[in-house]
Amino acid sequence: MRAVRFHEYGEVGVLREEEVPTPEPGPGEALVRVRACAVNHVDIDMRNGSSRLPLTLPHTLGFEIAGEVAAVGAGVTEAAAGDRVAPLYQIHCRECSWCLSGQHMHCERIAMLGVQSPGGYAEYALVPAWTLVPLPESLSFERGAAIQTTFATVWHALVDRVPVREGEWVLVNAAGSGVGTAGIQVARLLGARVIASAGSAAKLERAAALGAEATVDYTSEDLTARVLELTGGRGVDVVMESVGGDVLAASLRALAKNGSVVTVGGHAGEVVPVDVILLFRSQWSLIGSVRATADEIRTCIDLVADGKLDPVIHAALPLSQAAEAHRILEAREQFGKVLLVP
Ligand SMILES: [Zn+2]
């Protein structure tokens, strides 16, 4: 089969399309014919060696997949050849105390598709059969590969970790990213009023079309001042944050009393100063959120299949253009998800 792999860490040029043996499913495993695979920012970190994740080179990236079951190994009853599926990208142990309490994101022996095992930048991927989630017929493979790291991540943040209530103000940062486009839609579905921020007028125009009633360009406007102005000096109840750095610091100051910043990423700055006096006097909450539970992923797949949420797809490129897909993300040119369609 064809696969895109890298043999050394580095710039986009290290991604090479190669012919590799098609894996055979062992007991409990399923071989999935990959029809779409999302390209995520952490793929770039893995490729350039900055991810702090344990990789064995050469490595095949790609943890968010949709496709068809091509073959199953001995003892597999969960799926059969031809089934349309999306494998869970978190492969948790199902035995530790965190797994037994439903908090799969904290599993003591967690593995990820496309990290500890070869991922979906390939024609086929091998996965544990129990991780397969059925994809309804109404859901295209491309949309099916654009749900887990966006909608499920945001659902966990805004429904489980905060939660957002009807009528509240929510600021969604990085509105053009996968998480941002999902954040606007989930916040609207929950009945919130949305302010979107991004770094270009074109992205903000599209954020408004997704349901944001006001927008802020943080490259030319003061994010804190503009959000306070838009909310009549009150501030927002919740910030859906995935940027970090100065944007997170400015977002904290844009909170209403009792407000919460929920953060799922920090590429623009991993260490942020916090004014502790303001934090406690305002009763602000700074909340971390990571990934999602398997149930939350299934909920989001159902909501997309029902048309209540709709993944925004920037581009679907052939496998041979994996390097171009990484370049688009590194240049922050995308609005929504970039996919590979092997
Ligand atoms: Zn576990």
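Both ligands and their constituent atoms are indexed starting at 1 by order of listing. Counting from 1, the numbers follow the sequence of the chain as shown.
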Asks: Of H326, R327, Q321, which is the lone residue that meets side-chain hydrogen bond (donor to acceptor under 3.5 Å, both in side chains) with E324?
Replies: R327
Asks: Answer yes or no as to whether an N/O/S atom of H92 is found below 2.8 Å from the Zn ion (ligand 1).
Replies: no
Asks: Below 2.8 Å, any N, O or S contact between H104 and the Zn ion (ligand 1)?
Replies: no
Asks: Go through the side-chain N and O atoms of E241 and S251 and say whether any donor and acceptor fall under 3.5 Å apart.
Replies: no
Asks: Locate the shortest heavy-atom distance separating H59 from V115; write the atom from each residue and the value.
Replies: CE1-O, 3.1 Å
Asks: Can N48 and S50 be counted as having a side-chain donor-acceptor contact under 3.5 angstrom?
Replies: yes
Asks: Measure from the Zn ion (ligand 1) to each N, O or S atom of C99 and report whether any distance is below 2.8 Å.
Replies: yes
Asks: At the Zn ion (ligand 1), what is the angle formed between atom SG of C107 and atom SG of C96, rounded to the nearest 10°?
Replies: 120°
